[in-house]
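See below for the structure under consideration.
Hydrogens, waters and symmetry mates are skipped; everything else that's a heavy atom, side chains included, is used.
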Amino acid sequence: MNLTELRSSNPTLELQLRQDPLRHMRAIEAACHAIALSERPSYAKNETEIKVAITGTINGQPSTPRSLTSSSLRQLVCVEGVATKVSAIKPKIVTSVHFCPSTNQHSSKDYIDATDSQLGLPAVDNDGREIPDRIIGITSSIYPVKDNEKNPLETEFGLSKFKDHQTIVLQEMPEKAPMGQLPRSIELVLDDDLVDRVKPGDRIQVVGVYR
């Protein structure tokens, strides 16, 4: 999705997208799901997630780790720098499914941490409509091993849902740091198809939500 084209056709919507990106991105992805379901009836809504990428200029020129301030929190930003540290790709659990041999029943648990893009947004039902007075918050990270009756649980790894997770340290470019001061850095959190795109030493521009 090109912000430059959106700005020329609908400046108000482009401004709303930059100031409240998480809510609008979820609406755009829900619309993509609806289009995919109408164009291809075999499209599995619960198994495939369409992700929308943002391109184009945001504030005239990219920001640097030094220029990001608290006024940019929860807004869409474009930051450039040098990748100095890239972590290994790790599977991050999203939903765990468990089977209880004693009761012959399945159960599941969703996990939301401080880096989740849904954190702080209104909850939605199965049809994509927002549920009033319900805000998505951080869930417990305790992995269930027993049910409420203290019966042991077995994890169904084939039914559980995971996503790729990676962190990157992005440092201010040396030529843009003030003379006599050390370059500043920020941490990037990458999920799903964004992982394994950057190597240490790469000079990159990243569009994302500043948390």
Side-chain angles (χ1 to χ4, degrees), residues 1-7 10-31 49-87 90 92 94 110-124 128 130-141 163-173 176-178 181-195 197-198 202-211:
M1 184 175 180
N2 194 305
L3 281 181
T4 305
E5 297 178 357
L6 180 61
R7 187 182 300 113
N10 194 331
T12 302
L13 182 58
E14 187 269 342
L15 178 62
Q16 294 175 349
L17 175 60
R18 286 193 289 112
Q19 293 181 344
D20 190 10
L22 295 178
R23 185 192 297 265
H24 285 79
M25 289 292 292
R26 185 167 69 174
I28 294 171
E29 291 173 354
E49 294 184 359
I50 296 179
K51 297 297 182 181
V52 178
I54 299 294
T55 62
T57 59
I58 294 182
N59 291 322
Q61 60 181 4
S63 304
T64 64
R66 186 181 300 273
S67 62
L68 289 177
T69 61
S70 59
S71 60
S72 302
L73 286 174
R74 297 187 64 83
Q75 294 186 10
L76 199 66
V77 298
C78 178
V79 62
E80 66 178 2
V82 181
T84 57
K85 184 179 179 181
V86 179
S87 72
K90 300 178 181 179
K92 187 176 183 179
V94 178
D110 297 327
Y111 301 86
I112 297 177
D113 60 10
T115 65
D116 198 288
S117 60
Q118 302 297 319
L119 182 65
L121 294 179
V124 296
E130 293 187 356
I131 303 175
D133 303 327
R134 280 195 60 186
I135 302 298
I136 299 176
I138 298 177
T139 61
S140 172
S141 60
K163 66 179 179 181
D164 292 332
H165 180 78
Q166 187 180 36
T167 58
I168 294 176
V169 175
L170 189 70
Q171 190 178 82
E172 187 178 16
M173 293 184 181
K176 294 192 175 183
Q181 297 188 22
L182 293 175
R184 296 187 181 179
S185 59
I186 58 172
E187 187 179 48
L188 308 179
V189 178
L190 308 180
D191 290 325
D192 298 314
D193 60 327
L194 295 178
V195 304
R197 295 291 187 91
V198 179
D202 290 349
R203 292 177 174 239
I204 60 174
Q205 288 186 4
V206 181
V207 177
V209 181
Y210 187 44
R211 304 293 291 274

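Residues Thr55 and Val207 fail the side-chain proximity criterion, which asks for heavy atoms closer than 4.5 Å. Using a 4.5 Å heavy-atom threshold, the side chains of Ile204 and Leu170 count as touching. With a 4.5 Å cut-off on side-chain heavy atoms, His165 and Val189 count as touching.
For Val169, the side-chain contact (heavy atoms from CB on, under 4.5 Å) test picks out Thr84, Lys85, Ser185, with sequence neighbours left out. Partners of Glu187 according to the side-chain contact (heavy atoms from CB on, under 4.5 Å) rule, which considers only residues two or more places apart in sequence or in another chain, are Thr167. Under the side-chain contact (heavy atoms from CB on, under 4.5 Å) criterion, Gln19 pairs with Leu15, not counting sequence neighbours. Val94 meets the side-chain contact (heavy atoms from CB on, under 4.5 Å) test with Lys161, Lys163; sequence neighbours excluded. Listed by chain and number, the residues in a side-chain hydrogen bond (donor to acceptor under 3.5 Å, both in side chains) with Glu14 are Arg7, Arg18 (sequence neighbours excluded). Partners of Arg66 by salt bridge (charged side-chain N to carboxylate O under 4.0 Å, His left out), not counting sequence neighbours, listed by chain and number: Glu172.
Side-chain N or O atoms of Thr64 include one that pairs as donor or acceptor with a backbone N or O of Ser67 at under 3.5 Å. Formation of a donor-acceptor pair under 3.5 Å by the Asn2 side chain with backbone atoms of Thr4 is found in this model. Judged by distance alone, with hydrogens and angles left aside, the side-chain atoms of Gln166 form a donor-acceptor pair with the main-chain N or O of Ser87 at under 3.5 Å.
Residue Asp20 holds its CG atom at 7.0 Å from CZ of Arg74, rounded to the nearest 0.5 Å. Once rounded to the nearest 0.5 Å, the distance linking CG of Leu76 with CG of Leu3 reads 6.0 Å.
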Q) What's the verdict on side-chain contact (heavy atoms from CB on, under 4.5 Å) for Arg184 and Gln171, showing C-alpha distance, side-chain angles and the deciding distance? A) CA-CA 6 Å; Arg184 296 187 181 179; Gln171 190 178 82; over 6 Å; no

Trace of the side-chain contact (heavy atoms from CB on, under 4.5 Å) decision for Ile186 with Val79 = CA-CA 10 Å; Ile186 58 172; Val79 62; 4.1 Å; yes

Could you walk me through whether Leu22 and Arg211 pass the side-chain contact (heavy atoms from CB on, under 4.5 Å) check? CA-CA 11 Å; Leu22 295 178; Arg211 304 293 291 274; 3.8 Å; yes

Verdict with reasoning, Glu29 to Lys51, per side-chain contact (heavy atoms from CB on, under 4.5 Å)
CA-CA 6 Å; Glu29 291 173 354; Lys51 297 297 182 181; 3.9 Å; yes

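Among Ile58, Leu68, Val206, the single residue meeting the side-chain contact (heavy atoms from CB on, under 4.5 Å) criterion with Val77 is Leu68. Across Asp113, Asp192, Asp191, a single residue satisfies side-chain hydrogen bond (donor to acceptor under 3.5 Å, both in side chains) together with Lys92, and that is Asp113.
A pairwise comparison of heavy atoms in His24 and Leu17 identifies CB-CD1, 3.6 Å as the closest pair. Pairing each heavy atom of Gln205 with each of Cys78, the nearest pair is OE1-SG, 4.1 Å.
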